[in-house]
Amino acid sequence: MNRETVVAEALGLLDEVGLDAVSTRRLAKRLNVEQPSLYWYFRTKKDLLAAMAEAAMSPHATAPLPVPGDDWRDWFAENTRGFRRTLLMRRDGARLHAGSTPVGDLDRIRRKMEFLVASGVPERDAQMAMLAASRFTVGSVLEEQAEAGAGSGARAGSRAGAGSRAGAGSRAGADSRAGADSRAGADSRAGADSRAGAGSRVGPGTGPGDSADLPADVPEIDHESAFEAGLALILSGLAHRVGRRSASGPPRTSTDS
């Protein structure tokens with residue numbers, strides 16, 4: 001047994017029982033070891049959860065980094081989609097990730113920021129846009145996975161969508177959706193998304209937001225469409241700021257006449 005084995009089994013336990021039921025006692029039983037032996041690898045449950053959160057992010061943390069010449073809008077959109085797909089791969093993936101610190105990913109984050117700045121995005125805007133997209137994505141997946149848990153509670157519910165989309169999503173071909181979604185405006189879905197609360201109660205037969213409970217004038221919006229509309233709004237707002245800065249030219253200095 002080693003640290004990697006413990007984390008892998010802990011993630012398997014997470015998928016089976018959910019975050020609230022993960023315990024060192026259950027994990028020790030799963031590994032056929034005595035519970036105190038786990039403290040050789042992790043001093044506290046908090047340490048274990050942090051290692052689980054880092055390992056769960058592996059698909060996103062190993063995705064190709066942007067290179068010069070990439071369109072920053074397409075990259076930003078696909079990077080955010082990849083983050084969502086990764087969170088959905090694990091039961092309660094968003095809850096596990098929330099509040100974690102990406103210590104092992106800091107160099108990649110810096111390189112992503114450098115790419116955005118080199119592409120003409122002001123540094124502060126790039127920082128805030130990445131933060132906003134990250135928090136929006138975690139919140140979206142929290143809603144989606146909570147709704148799945150309130151329904152059947154099955155493992156498949158909290159991982160729905162990730163499996164069926166993972167193949168195409170991890171390839172560059174996922175950018176076939178990026179053009180309209182990552183550029184101008186929030187597209188034709190934004191109108192529905194701007195009406196109150198529909199995105200958090202989407203889809204028939206999925207839990208508390210069953211369509212039978214919705215007023216007739218409240219549209220049904222699936223989670224992915226709601227996510228894409230929100231992402232488009234974030235991206236179009238950032239593109240607008242970049243365009244406005246480009247139109248105004250570089251900031252004037254005290255030596256300019």
Side-chain angles (χ1 to χ4, degrees), residues 4 7-19 22 48-66 70 73-113 115-116 129-149 154-178 181-182 199 222-232 234-235:
E4 290 72 24
V7 172
E9 289 299 322
L11 288 173
L13 179 63
L14 171 71
D15 286 338
E16 289 183 9
V17 301
L19 186 59
V22 170
L48 172 62
L49 292 174
M52 291 169 62
E54 182 176 0
M57 279 290 103
S58 179
H60 185 62
T62 55
L65 287 165
D70 285 350
R73 300 165 189 81
D74 290 347
W75 174 81
F76 188 99
E78 184 53 30
N79 181 69
T80 309
R81 291 187 187 108
F83 180 42
R84 175 177 179 262
R85 286 192 298 268
T86 299
L87 291 176
L88 284 167
M89 287 178 182
R90 293 289 177 182
R91 182 173 178 177
D92 293 332
R95 288 182 60 202
L96 177 66
H97 178 81
S100 63
T101 303
V103 177
D105 201 34
L106 292 179
D107 182 62
R108 287 176 56 86
I109 293 173
R110 292 190 189 98
R111 292 174 66 181
K112 291 176 181 181
M113 290 297 305
F115 165 75
L116 289 172
M130 290 286 285
L131 180 62
S134 174
R135 291 184 173 180
F136 163 68
T137 303
V138 172
S140 296
V141 176
L142 277 170
E143 289 281 355
E144 186 168 354
Q145 293 184 325
E147 195 167 273
R155 173 180 174 181
S158 63
R159 300 178 68 174
S164 62
R165 295 190 300 269
S170 62
R171 298 192 296 267
D175 280 337
S176 61
R177 298 190 304 263
D181 289 334
S182 64
D222 66 274
H223 288 292
E224 186 165 9
S225 294
F227 171 80
E228 287 291 338
L231 174 57
I234 293 172
L235 196 44

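In this structure, OG1 on Thr137 lies 10.5 Å from CZ on Arg81, to the nearest 0.5 angstrom. Remark: Leu142 CG to Glu147 CD distance equals 12.5 Å, nearest 0.5 Å. Taking CD of Glu144 as the reference point, atom CG of Leu87 lies at 10.0 Å (rounded to 0.5 Å). One finds the CZ atom of Arg91 at 8.0 Å from the CG atom of Leu14 (value rounded to the nearest 0.5 Å).
Residues meeting the side chain to side chain donor-acceptor pair (under 3.5 Å) test with Asp105, sequence neighbours left out: Arg108. Residues meeting the side chain to side chain donor-acceptor pair (under 3.5 Å) test with Glu9, sequence neighbours left out: Arg30.
Of all the heavy atoms in Leu19 and Leu96, the pair that sits closest is CD2-N, 4.0 Å. What you find for Phe136 and Ala226 is that their closest heavy atoms are CZ-O, 4.3 Å. Heavy atoms only, all atoms of each residue included: Ala55 and Val7 are closest at CB-CG1, 3.6 Å. Among all heavy-atom pairs drawn from Thr86 and Pro59, the shortest one is OG1-CB, 3.8 Å. For Ala133 against Phe76, the heavy-atom pair with the smallest separation is CB-CZ, 3.7 Å. Val138 and Ala94 get closest at one heavy-atom pair: O-CB, 3.8 Å.
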Output, in order, the C-alpha distance, side-chain angles, deciding distance and verdict of side-chain contact (heavy atoms from CB on, under 4.5 Å) for Val141 and Phe83.
CA-CA 10 Å; Val141 176; Phe83 180 42; over 6 Å; no
When you look at Leu231 and Arg84, which way does the side-chain contact (heavy atoms from CB on, under 4.5 Å) test go after all the steps?
CA-CA 11 Å; Leu231 174 57; Arg84 175 177 179 262; over 6 Å; no
Begin from the C-alpha positions of Leu116 and Trp75 and carry the test side-chain contact (heavy atoms from CB on, under 4.5 Å) through to its verdict.
CA-CA 9 Å; Leu116 289 172; Trp75 174 81; 3.9 Å; yes
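Annotation: side chain of Gln145 is not in contact with side chain of Arg95 (no heavy-atom distance under 4.5 Å). Here the side chains of Ser100 and His97 are in contact, with some heavy-atom distance below 4.5 Å. The shortest side-chain heavy-atom distance between Arg135 and Leu131 falls under the 4.5 Å cut-off. A heavy-atom distance below 4.5 Å is found between the side chains of His60 and Asn79.
Although no hydrogens or angles enter the test, the distance criterion places no donor-acceptor pair under 3.5 Å between the side chain of Asp15 and the main chain of Arg90.
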